[in-house]
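See structure below.
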Amino acid sequence: MEEVRLFDTASRSVKPLSAADGKALKFYACGPTVYGPAHIGNFRTFVVQDLLVRVWQEAGGKVVHVRNLTDVDDKTIRGAREAKQKLGDFTQGWTDRFWRDGQALGLQKPSREPRATEFIPKQISLVEKLLQGGHAYEAAGSVYFRVQSFASYGKLSHLDEREVREGASGRADADEYAREQAADFVLWKAYKQEDGEVFWESPWGKGRPGWHLECSAMAMEILGETIDLHGGGADLIFPHHENEIAQSEAATGKAFVRHWFHVSHLLVDNRKMSKSLGNLYTLEDVASRGWDASDLRLVLLSGHYRQPLNFSWDTMSAVHHGRERLGKLRSWLVESSKEAKGVGWGSFQTSWDALREDLETPRALGAMYSAVGELEQKRKAGLSSEAAARELAGLDRILAVFGVEPAYEKNEEPPDEIRSLGEAREAARKAKDWKESDRLRDELAKSGWEVRDGAGSWRLVRKPIHP
Ligand code: AMP
Ligand code: ZN
């Protein structure tokens with residue numbers, strides 16, 4: 001297979017990605033917490049992971065992609081209680097929504113989507129193993145991991161000893177009152193009144209698993225004790241993934257993960273997304289503003305995954321226009337290639353090579369649009385059907401790797417009042433009354449229609465509704 005290189009968070013270097021067994025890449029991705037709709041930031045991480053899987057497969061590799069569903073934690077329990085639903089019904093509703101949104105965004109189904117609640121026995125046996133090895137202790141029905149017992153704690157996030165001792169930030173658990181050290185984290189949480197009907201019996205009494213433990217148990221149960229690739233958003237490096245390493249390696253004595261893959265955060269208008277700022281967008285917001293999920297996918301891929309990416313609605317129209325160009329070019333290539341069959345990358349080889357090198361999407365998209373521009377130029381002179389077939393094959397291949405659909409103009413007939421506005425604008429233009437023609441164009445735009453002037457003709461096309 002062709003080489004695929006990717007940055008590894010632990011060694012801080014770009015390394016060839018590989019499957020230890022020489023067969024299939026064992027990839028575990030931390031999935032969504034299903035207590036509400038995923039936002040476009042969550043989807044940045046999932047879209048980039050989906051791109052990596054597609055690149056790996058296009059390069060000739062096989063993959064077992066596991067992405068879990070976090071269906072028991074403080075947020076899901078609180079959400080179910082507020083919705084007066086059983087936890088399982090509540091999380092299933094949000095799981096269905098996640099699947100629908102993911103499908104719209106072109107996310108391929110992972111090989112497995114384990115739910116944390118399906119792996120409770122494995123989680124309990126992992127805790128027992130850690131207790132036996134002296135890496136954990138029980139206090140008031142909860143069990144904690146003893147960070148001091150694991151010498152290389154902090155190796156992923158490159159924490160120094162002092163930071164480890166003081167238990168640098170992280171998701172604080174209000175109920176961790178019985179810890180020996182600030183850095184220790186909970187493996188098993190004792191039952192509390194607020195948990196309602198949500199509990200499992202364990203050797204330490206009624207309770208439920210801690211979030212970090214869930215992922216270690218699912219990853220090792222499904223993929224084995226050493227996995228090839230583990231990923232998530234950059235916020236998971238510490239403490240979540242650091243804790244996963246500690247629990248897993250302390251229990252097995254083996255390396256847990258060979259390659260770490262983290263995606264930087266999506267910002268909105270250069271700020272962290274939050275409900276209180278009103279800038280936390282979901283796929284529903286994208287659709288209600290008239291954009292396709294495919295437009296969002298391209299925006300999410302427009303920046304390199306190791307850099308924070310800023311989202312603003314303005315970027316959507318440029319991306320949509322790009323997809324229309326792809327649609328036009330593709331229709332022309334289909335027409336020009338007739339019966340001929342093409343293979344290879346045609347003019348899209350450079351774009352593909354950029355993807356194999358640490359998923360360099362800005363460079364890959366740049367190369368794709370340069371190739372598109374050159375082909376648009378050739379359109380005037382014409383292409384042989386063999387050449388057109390070759391370019392069509394290359395274009396379809398690169399679009400499949402990006403997971404992006406071209407946009408085709410819908411030939412929607414405008415209603416009468418819109419048509420009259422269009423005619424009035426044309427009359428104003430002919431009379432060189434630019435002010436009036438601009439005013440009418442703006443009025444059309446407000447109703448969601450765009451005037452396209454061609455050589456000696458004009459027409460009206462639906463345009464996406466802007467915010
Ligand atoms: P959660 O549902 O909160 O468990 O998060 C699901 C995934 O989305 C995790 O991999 C997070 O690291 C990731 N994530 C959360 N916020 C963002 C963001 N603003 N940009 C990119 N990824 C994010
Ligand atoms: Zn996880």
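When the shell of 6.0 Å around NZ of Lys15 is examined, it contains more than 12 heavy atoms from other residues, nucleotides or ligands. Within a 6.0 Å sphere centred on CD of Glu405, other residues, nucleotides and ligands contribute 12 heavy atoms or fewer.
Looking at Ser337 and Ser385, their side chains never bring a donor and an acceptor atom within 3.5 Å of each other.
In this structure Asp96 satisfies the salt bridge (charged side-chain N to carboxylate O under 4.0 Å, His left out) test with no other residue, sequence neighbours excluded. Residues passing the side-chain hydrogen bond (donor to acceptor under 3.5 Å, both in side chains) test with Glu423, sequence neighbours excluded: none. With sequence neighbours excluded, the residues forming a side-chain hydrogen bond (donor to acceptor under 3.5 Å, both in side chains) with Ser276 are Ser274, listed by chain and number. Applying the side-chain contact (heavy atoms from CB on, under 4.5 Å) test to Thr9 and every residue at least two apart in sequence or in another chain returns Leu156, Ile237, Trp260, His262. For Ala217, the side-chain contact (heavy atoms from CB on, under 4.5 Å) partners two or more places apart in sequence, or in a different chain, are Lys122, Gln123, Leu126.
The pair Glu376-Arg325 counts as a salt bridge, with a side-chain nitrogen and a carboxylate oxygen less than 4.0 angstrom apart. With salt bridges taken as basic N to acidic carboxylate O contacts below 4.0 Å, one links Asp396 and Arg330.
Without hydrogens or angle criteria, His304 side chain to Asp358 main chain gives a donor-acceptor distance under 3.5 Å. Panel note: side chain Asn68, backbone Gly31; a donor-acceptor pair is recorded below 3.5 Å. Under the 3.5 Å distance criterion, the side-chain polar atoms of Asn42 are matched with a main-chain donor or acceptor of His39. Side chain of Arg441 to backbone of Val451: no donor-acceptor contact under 3.5 angstrom is found.
In this structure, the ring of Tyr305 has its center less than 6.0 angstrom from the ring center of Phe261.
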Acceptor/donor pairs from residues 100-107 side chains to any protein atom, 3.5 angstrom cut, sequence neighbours excluded:
residue : atom : partner : partner atom : Å
Asp101  : OD1  : Arg97   : NE           : 3.4
Asp101  : OD2  : Arg97   : NE           : 3.1

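With Asp50 as reference, Arg297 is the one residue of Arg67, Lys109, Arg297 to meet the salt bridge (Lys or Arg N to Asp or Glu O under 4.0 Å) rule.
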